2 protein chains.
Amino acid sequence: MTTTPRDRLLDAAGELFYREGVGVGVDALCKAAGVSKRSMYLLFDSKDELIAASLDRRAPDYEAVLRPPDGGTPRERILHVFRAQDGLTGQPTYRGCPLVATATELKDATHPANAVARRHKQAMTDFFAAEARTAGAADPDTLAAQLTMVFDGAAARAVMRAEPLAGLGVTTATALLDAAGVV
Amino acid sequence: MTTTPRDRLLDAAGELFYREGVGVGVDALCKAAGVSKRSMYLLFDSKDELIAASLDRRAPDYEAVLRPPDGGTPRERILHVFRAQDGLTGQPTYRGCPLVATATELKDATHPANAVARRHKQAMTDFFAAEARTAGAADPDTLAAQLTMVFDGAAARAVMRAEPLAGLGVTTATALLDAAGVV
DNA sequence: CGGGGAGGAAACCGATCGGTCTACAGTCAG
DNA sequence: CTGACTGTAGACCGATCGGTTTCCTCCCCG
């Protein structure tokens, strides 16, 4: 057995919940994963826990796509994130930032998946803050919060497909970096 | 009869779909509106049409809250939108921009409610563009797209409650206006 | 007074929801 | 071989889904 039922469940959940929303039923999910409901409920306490676990599983891959390779200036490293995002938003399968989309769908701030989303989003802000600090920005925390906001805004625009202007996130982040004196 | 069944349905739908998501059932919705399912399905072809119609109904009120009063400089008029948004995001009942949230939940870009959301969002961008043009910005369309993106980003941040910094939308919009030479 | 339309209450439809449970196949250790 | 363990298939539970239909009440107009 190359993949465990747990792996298959998390992978199928990550894809289906992102593509069709968390309203996808447990039956359809288990069928897609090739796992019986019985096994699913032995592995996870509830569908809600599975949502949270699948988001936690998906997040590292998401971050890996966005994170810049080693080296380069802080400015370039930050802009790499927005360029990578631009590549994602151009795809027809793009449904927004998975973290924000899940939080938006779940509404309930106490949902376990919401804590997962918050944690991984904070990691992105922390990355921006560390780079901004390295670059000697006057207020790295505020700049990091602004950049995260631009990231989420670019994702939202892409979802609504009211985005005739590609690279909007990159140009806006550039403007903020300029304003913050990050060369 | 002070309110028609149609009005009660649209109002209840606007509130419930925003507060709990479009997954709310037709039964619960009709009960909240004090309207029978029979009447609902005589007034609307389907739940999807009701979602679209309720969003269309809600949008003018939403815009009225954000739109600045007559007068003032373009810069002040633009910043008024972000200050008004800041007031909304501070409320515990805030669940994000209704237009973006609906589009995010529905996934399907061909859903009638998605067209409604796009149209109203475009109206906001058009407002920004008109003000930027009045102010003599070099590229008013790009600036308007950036401001809309910041607006949606601020909404997304507020949803996730990873928002220790109030007024983030206002300060970021200010930075973009400064960069675009809109005094 | 009598008739017709509007609209509420609720039964009903097949399908699906999240979740539980039984039955059985395969695989390992002893 | 036996017994424990893991896993699938799928029936089953009550509830709810979107949507349709029947029935009845009310009110307005003639």
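Convention: sequence-line order gives letters A, B, ...; per-chain numbering from 1. This one's a predicted model, so the numbers in the text were calculated from it and none came from an experiment.
At the phosphate of dG18(D), OP1 or OP2 sits under 4.0 Å from a side-chain N or O atom of K47(B). Between dG7(C) and R8(B), no contact under 4.0 Å exists linking OP1 or OP2 to a side-chain N or O.
Atom OH in Y41(B) sits about 13 Å away from atom C1' in dT21(D), given to the nearest Å. Here the C1' atom of nucleotide dT20(D) and the CE atom of M40(B) are 12 Å apart, to the nearest Å. Taking atom CD of E20(B) as the reference point, atom P of dC17(D) lies 11 Å away to the nearest angstrom. Whole-Å rounding puts the R6(B) CZ to dG8(C) P distance at 15 Å. If you measure from atom CG of L43(A) to atom P of dT6(D), you get 11 Å, rounded to the nearest angstrom. Rounded to whole angstrom, the span from the NZ atom of K31(A) across to the C1' atom of dA15(C) amounts to 13 Å. dG18(C) atom P lies 12 Å from atom CG of L16(A), rounded to whole Å. The interatomic distance linking K37(B) (NZ) with dA9(C) (C1') rounds to 12 Å, in whole Å.
Annotation: side chain of T102(B) is not in contact with side chain of H111(B) (no heavy-atom distance under 4.5 Å).
Heavy atoms only, all atoms of each residue included: L55(B) and A113(B) are closest at CD2-O, 3.7 Å.
Annotation: of the two residues near DNA chain D, D27(A) and S39(A), the 5′-most nearest-nucleotide partner is S39(A). Judged by closest nucleotide on DNA chain C, A28(A) is the one of A28(A) and D45(A) placed further toward the 5' end. Residues V26(A) and R38(A) each lie close to DNA chain C; by heavy-atom proximity, the contact nearer the 5' end of the strand is made by V26(A).
Note on ring orientation: taking the six-membered ring where Trp is involved, the planes of F151(A) and Y62(A) are perpendicular (angle over 60°, cut-offs 30° and 60°).
Within the 3.5 Å criterion, the main-chain N or O of V159(A) finds no donor-acceptor partner in the side chain of Y94(A).
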